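Here the structure comes first, spelled out in structure tokens, and everything after it is commentary.
Sequence lines set the chain letters: A, B, ... in the order given, protein chains first and strands last, and positions in each chain run from 1. Owing to the predicted nature of the structure, the values given are computational and were not obtained by experimental measurement.
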Amino acid sequence: MKGSSVESKTIKPDSVAEPNKDQKIWLVVMAIPAGKVASYGQVAAMAGLGRQARYIGRALGKLPQGHSVPWYRVIRSNGQIAFAPGSETYQEQVSCLQEEGVEVINGRVSMSQFGW
DNA sequence: TCGATGACCCAAC
DNA sequence: CGTTGGGCCATCG
């Protein structure tokens with residue numbers, strides 16, 4: 001077995017993005033109570049990413065199956081949906097939000113739902 | 001290494 | 001309220 005050496009050089013980068021960061025984001029998103037929403041920037045700051053608000057979207061896009069992450073509770077800072085109206089993702093997001101008790105008007109959510 | 005992209009954010013007009 | 005332009009920063013070709 002060629003053993004003798006595990007080395008593997010530098011800690012083996014998981015390549016293709018570290019799931020570590022994504023998981024942290026998912027945890028933060030899961031911490032959002034029902035009936036409230038959070039903006040990407042807000043989640044990014046909470047996850048310790050700072051201004052990487054854009055990374056949130058990417059992490060959510062990598063969501064695996066069987067996840068319990070209410071990604072639909074994450075919207076833009078101006079209270080608007082992050083997807084184009086009419087999109088499948090958009091409709092699903094609005095649908096879920098309404099069930100939580102969030103009022104979605106014209107693809108927009110009341111700012112009162114933020115302070116959670 | 002550089003250039004282009006992105007489920008963003010903000011200010012100005 | 002809509003559009004424009006700039007900024008931020010990680011990821012990919």
Nearest-angstrom distance from the residue atom [atom1] of [X] to [atom2] of [N]:
X      : N      : atom1 : atom2 : value
A:I25  : B:dA7  : CD1   : C1'   : 12 Å
A:F114 : B:dC9  : CZ    : C1'   : 12 Å
A:N106 : C:dC1  : CG    : P     : 9 Å
A:K24  : C:dA10 : NZ    : P     : 15 Å
A:K62  : B:dA7  : NZ    : P     : 12 Å
A:I32  : B:dA7  : CD1   : C1'   : 14 Å
A:R51  : C:dT11 : CZ    : C1'   : 19 Å
A:F83  : B:dA7  : CZ    : C1'   : 4 Å

Could you work out, with side chain to side chain contact (heavy atoms under 4.5 Å, CB included) as the rule, every residue matching [X], not counting sequence neighbours?
X     : answer
A:A34 : A:R73, A:E100
A:Q91 : none
A:M46 : A:V28, A:W116
A:V94 : A:I81, A:Y90, A:Q98, A:V104

Tell me, which of [range] have any heavy atom that sits under 4.0 Å from an atom in DNA chain B?
range                     : result
residues 34-49 of chain A : A:S39, A:Y40, A:G41
residues 87-97 of chain A : none
residues 70-78 of chain A : A:W71, A:R76, A:S77

Give me the distances for all protein-to-nucleotides 2-6 of chain B N/O pairs that come in under 3.5 Å?
{"from": "B:dG6", "atom 1": "N9", "to": "A:R54", "atom 2": "NH1", "distance (Å)": "3.2"}
{"from": "B:dG6", "atom 1": "N7", "to": "A:R54", "atom 2": "NH1", "distance (Å)": "2.9"}
{"from": "B:dG6", "atom 1": "O6", "to": "A:R54", "atom 2": "NH1", "distance (Å)": "3.2"}
{"from": "B:dG6", "atom 1": "N1", "to": "A:R54", "atom 2": "NH1", "distance (Å)": "2.8"}
{"from": "B:dG6", "atom 1": "N3", "to": "A:R54", "atom 2": "NH1", "distance (Å)": "2.9"}

If you take all heavy atoms of A:V43 and A:A38, which pair is closest and at what distance?
CG2-CB, 4.0 Å
Can you give me the closest heavy-atom contact between A:A47 and A:I25, atom names plus distance?
CB-CG1, 4.3 Å
Hey, does [Y] have a side-chain heavy atom less than 4.5 Å from the side chain of [X]?
X     : Y     : result
A:Y55 : A:D22 : yes
A:W71 : A:E92 : yes
A:I32 : A:V37 : no
A:I75 : A:Q80 : no

Distance test, side-chain N/O of A:Q52 to OP1/OP2 of C:dA10, below 4.0 Å:
yes
Per the side chain to side chain donor-acceptor pair (under 3.5 Å) rule, what does the pair list look like for residues 24-51 of chain A, sequence neighbours excluded?
none
Hey, could you give me each pair passing side chain to side chain donor-acceptor pair (under 3.5 Å) that has a residue in residues 101-114 of chain A? Not counting sequence neighbours.
none
Look up atom NZ in A:K62 and atom CD in A:Q23, then write down how far apart they are to the nearest 0.5 Å.
12.0 Å
For the pair A:Q93 (side chain) and A:V74 (backbone), establish whether a donor and an acceptor sit closer than 3.5 Å, ignoring hydrogens and angles.
yes
Would you mind telling me which of B:dA7, C:dC1, C:dA10 lies closest to the side-chain atoms of A:L60?
B:dA7
